[in-house]
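What follows is a set of notes on a single structure, which appears directly below.
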Amino acid sequence: MLVDTHIHLDASEFDADRDALLAAARAAGVARFVVPGVEVANFDRVAALAATHQDVLHGYGIHPLYVDAAGPDDLGILEDRLSNGDAIAVGEIGLDFFADGRDRDRQEQFYVAQLKLARRFGLPVILHVRRAVDAILKQLRRIELPGGIAHSFNGSRQQADALIGMGFRLGFGGAMTFDGSRRIRELAATLPLDALVLETDAPDIPPAWGQGRRNEPSNLPRYAAILAELRGMDVAELIDATGRNAAAVFGGKL
Ligand SMILES: [Zn+2]
């Protein structure tokens with residue numbers, strides 16, 4: 001099963017033709033779309049998409065780059081939403097130490113609070129990790145979770161192994177389509193197959209062939225073909241394996 005484990009389907013970039021995009025992706029073989037929540041203001045949108053389309057599943061979370069704008073009640077609102085039982089994950093949450101001028105302590109507070117919510121509700125997490133893998137790992141060692149996905153993984157082999165050792169899968173997508181992405185392509189080629197899942201992160205991270213345009217979920221089959229080629233394996237087997245990995249993360253809710 002071909003699963004897009006990370007797509008911001010609610011993004012305004014898709015407002016004009018969202019249903020056509022979904023239809024094109026389905027026709028190309030994409031069977032499931034996992035849409036993270038990123039701030040309280042998008043929770044209704046992601047929930048409505050999942051309620052409308054059987055193959056769309058969603059999470060609720062406060063993204064590290066939305067933490068500065070989050071209000072004092074937002075963690076409470078998230079907690080209420082999670083108790084509804086409609087989300088398949090807590091996410092997108094995490095740490096982003098790449099951008100300057102962000103409040104790292106506040107990011108850590110939201111990250112830890114949301115890890116605790118995931119533990120309480122028995123949900124996996126969808127992690128955004130940018131220049132912050134060690135800080136992410138530190139909290140995962142303290143707060144035990146039923147696993148999750150480190151989306152658009154861009155760390156070292158050692159960091160990948162540490163995440164995998166804690167039951168996490170790593171998301172690969174647009175970055176792997178560039179010949180120059182040597183480290184990411186090396187990881188994609190050599191990490192254990194059962195640790196890998198596919199994602200587009202559309203409309204972000206357009207592939208090598210789509211620079212300057214929005215990324216779309218119908219690119220996913222080409223990502224599967226590239227990953228299969230990097231690993232020297234059959235693409236149907238690759239799709240099977242990554243689909244099973246995604247299903248395992250989300251505990252049969254896909
Ligand atoms: Zn994302």
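Numbering of ligands and ligand atoms starts at 1, following listing order. Side chains are part of it too, since the values below use all heavy atoms of this structure and drop only hydrogens, waters and symmetry mates. Because the structure is predicted, anything quoted here is derived from the model rather than measured.
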Of the N, O or S atoms in E92, the one nearest the Zn ion (ligand 1):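 Distance check against the Zn ion (ligand 1) picks out OE1 in E92.
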Identity of the N, O or S atom of H6 lying closest to the Zn ion (ligand 1):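 This residue's closest N, O or S atom turns out to be NE2.
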R130 charged N/C atom sitting above F98 aromatic ring, 6.0 Å / 45°: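 Cation-pi check for R130 and F98: passes.
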N, O or S from H151 under 2.8 Å to the Zn ion (ligand 1):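 No N, O or S atom of H151 is closer than 2.8 Å to the Zn ion (ligand 1), so no.
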Residue D204, metal the Zn ion (ligand 1), N/O/S under 2.8 Å: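 D204 does not place any N, O or S atom closer than 2.8 Å to the Zn ion (ligand 1).
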Side chain D4, main chain T200, donor-acceptor under 3.5 Å: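 Yes, because the side chain of D4 sits within donor-acceptor range (under 3.5 Å) of the backbone of T200.
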Sidechain-backbone polar pair: N245 side chain, V197 backbone, donor-acceptor under 3.5 Å: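 Not confirmed, N245 side chain does not pair with V197 backbone.
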More than 12 heavy atoms from other groups under 6.0 Å of NZ on K253: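 Correct, the count exceeds 12.
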